[in-house]
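In what follows, a single structure is set out as structure tokens and then discussed.
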Number of protein chains: 2
Amino acid sequence: MNQQRPQKKTTIYDLAELAGTSASAVSAVLNGNWKKRRISSQLAEKITRIAEEQGYAVNMQASLLRREKSRIIGMIVPKYDNRYFGSIVETFEIMARARGLFPIITCTLRDPDLEIEAARTMLSYQVEWLISTGATDPDRITDICLAAGTRSLNLDLPGTKATSIISDNFAGARELTKRTLINVEQKSGAMAPLLFIGGRGSDHNTAERIRGFRMAHQDLGVPIEEHHILACGYAPEKAAQALSAMAASEGSVPRGMFVNSTISLEGVMRWIKSSPLFDAAPPIIGCFDWDPFVALLGHDIEMARQDVPGMLTAAFDIVEKGSGDTGKLIEIPPLFA
Amino acid sequence: MNQQRPQKKTTIYDLAELAGTSASAVSAVLNGNWKKRRISSQLAEKITRIAEEQGYAVNMQASLLRREKSRIIGMIVPKYDNRYFGSIVETFEIMARARGLFPIITCTLRDPDLEIEAARTMLSYQVEWLISTGATDPDRITDICLAAGTRSLNLDLPGTKATSIISDNFAGARELTKRTLINVEQKSGAMAPLLFIGGRGSDHNTAERIRGFRMAHQDLGVPIEEHHILACGYAPEKAAQALSAMAASEGSVPRGMFVNSTISLEGVMRWIKSSPLFDAAPPIIGCFDWDPFVALLGHDIEMARQDVPGMLTAAFDIVEKGSGDTGKLIEIPPLFA
DNA sequence: TTGAAAGCGCTAACAG
DNA sequence: CTGTTAGCGCTTTCAA
């Protein structure tokens, strides 16, 4: 049984006693500024050994309370259920650690209230920066941070009150749409306008992608079908429902589609699989997002892969510079295979 | 410009002064035990209002230093790059919050040294429990926790020194193998032994899955091909290499395959796509793991979906009971579509 | 009903 | 080279 009752933890005072020295010596040795204090390497070694033997771990709560900077950096993220956000948090952790920062991450399930609560909790933990990823109301979070004297950054979805680092949605969507239109021409002999599906019309990214979508059609001289722009939300079910409704009312669905995320793509593919409309000719899809299995498992799906390392490098540049201009927008081009 | 220099943060002393009362009253009001102290609701209201106005947030470092329990629960996880781990962290966060615990998560990139370092860092933050998910050396982590008087749990991959909650790998693999063998019979007219690919022979889960794999063959009277069991590691490239090597030396690869994870499946699918061997008849696959796109995008792939909510419910039951027997193994059956 | 005061474990002057 | 000391912001007796 490891019915280990939370026994009293070893402190620097315990170590000091064991080493026959003072707590401050122990503290200095254990956090590396012992040359500055010119402590004998003998003592240093002894203290280090004893600390090891006792399995000592500093109490961060106490340490941080005393220091002026926490070196904690927070991130809130909507979900962990797709490669894009997964890659964001993984890269964030790696880059934070590489800079001596301690990353804390929390997911908000796209719930606006949870978002605010999560931001407040992060502030309680004294984060030095808060990065709001894909937040529904980034400006509200920035306000809260500002009031607490904490700096913040928006990622993926922009706000107006803090620097925002996002994909270049317009240019990315324009290129993706172009590629998809050309695929349609090659596969079915003629160009035809695409269906746009997924995302919220109210969010900046979707609006910009629709703009790029339009522009690409214009570039290639293909007329747009206005009622074929369905910003029906991101959830898979929403996309499936929208397609159902269109099939019911129009009797068909365009063969070429611009799908606004892998999340929406899940619903699109599910619906396509369940419908006889594409039995003869498979759909031709462009997806603004990337997933390895989508790339590997059949179908003709072109993807725009958002440049996560690029975005986070930009974010950490700002963190390290310590600046953060109001509402500045940094756009990182997505990558094509 | 939000060149917000980390201004001095508001403390309960500031609030006390503004409210014309004492810090202890503020503290009591702000953390809800003010009826116990019979503070007038008038004062309580006033304090709450002022706190709100000032955008006050408690300093957790100070609060936790004083309290005896941190109510922080830690989890280490190898990667965020697949649905299984993504779902684990998401569910973990939700369940932790529902129980009034603050979850902190860190990923270790399957790096044994990072694993240990991450565990130590978690201890520094005074976590009350540490859940090691898919750790390469869970017992080492348990030892470190034990020395610090912290309780720990293993998830996904078992250890011998703390309770482990894992999938029922043997039964799951047996069922998955059976289903895949039957698929092979239906698709190609006759049963034939499957190829086992992915995972490390040294890890408990892979060993158990291989045992289930053997048992299912035996159940159905199909002989095993010993050299068709390739525990070549999880990484996609490893799986692809192993298939290449087999194709080179034997000139063919079995049509039916048991793939040990979606991670390995990525490599398997990539190789299959690049090889002419399956141009005529597509592979028939059983995958021990689940991914929505694999389910949707063509091919005949049977999946065993690990029961993440079931596993985490078991974990939190133990956390709430406060127990944690050495080396006890709790096996949760995976789900089939 | 409320306030004063001690102290959680650690760091950083400062004094030897 | 090393130890003493004064807090960091908060919670929690205890006394009023």
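Letters A, B, ... mirror the listed sequences (proteins, then strands); counts begin at 1.
For C:dA4, the base has a donor-acceptor partner in the side chain of B:Ser24 [N/O atoms by modelled type, under 3.5 angstrom].
Note: CD (B:Glu68) to C1' (D:dT11) measures 10 Å, nearest angstrom. Remark: P of D:dC10 and CG of B:Asn31 are 10 Å apart, rounded to the nearest angstrom. Protein atom OH of B:Tyr125 is 18 Å distant from nucleotide atom P of C:dG9, rounded to whole Å. Atoms CG (B:Leu15) and P (C:dG3) sit 14 Å apart, rounded to a whole Å.
In this structure, A:Tyr13 does not reach the D:dG3 phosphate: none of its side-chain N or O atoms is under 4.0 Å from OP1 or OP2.
Using a 4.0 Å heavy-atom criterion, one finds that A:Ser27 contacts the bases of the nucleic acid, with or without backbone contacts as well. No engagement by A:Leu64 is indicated, since no non-hydrogen atom pair under 4.0 Å with the nucleic acid exists. Residue contacts shown for B:Ser63 are limited to sugar-phosphate atoms, with no base heavy atom under 4.0 Å away.
For the pair B:Leu65 and A:Arg66, both in contact range of DNA chain C, the more 5′-proximal nearest nucleotide belongs to B:Leu65. Nearer the 5' end of DNA chain C, as judged by each residue's closest nucleotide, is the contact made by B:Thr21, out of A:Thr11 and B:Thr21.
For B:Gln61 (side chain) and A:Leu64 (main-chain N/O), no donor-acceptor pair under 3.5 Å exists by modelled atom type.
Listed nucleotides D:dT2, C:dT2, C:dC10 differ in distance to A:Ile39; the shortest reach to its side chain belongs to D:dT2. Out of D:dT4, C:dG9, C:dT2, the shortest distance to the side chain of B:Ser40 is found at C:dT2.
B:Thr136 contributes atom OG1, which lies 8.0 Å from atom CG of B:Asp111 (distance to the nearest 0.5 angstrom).
Judged by a 6.0 Å distance limit and a 45° cone about the ring axis, A:Arg99 is positioned over the six-membered ring of A:Phe316.
Across B:Ile88, B:Val77, B:Thr91, B:Ile105, a single residue satisfies side chain to side chain contact (heavy atoms under 4.5 Å, CB included) together with A:Tyr80, and that is B:Ile105.
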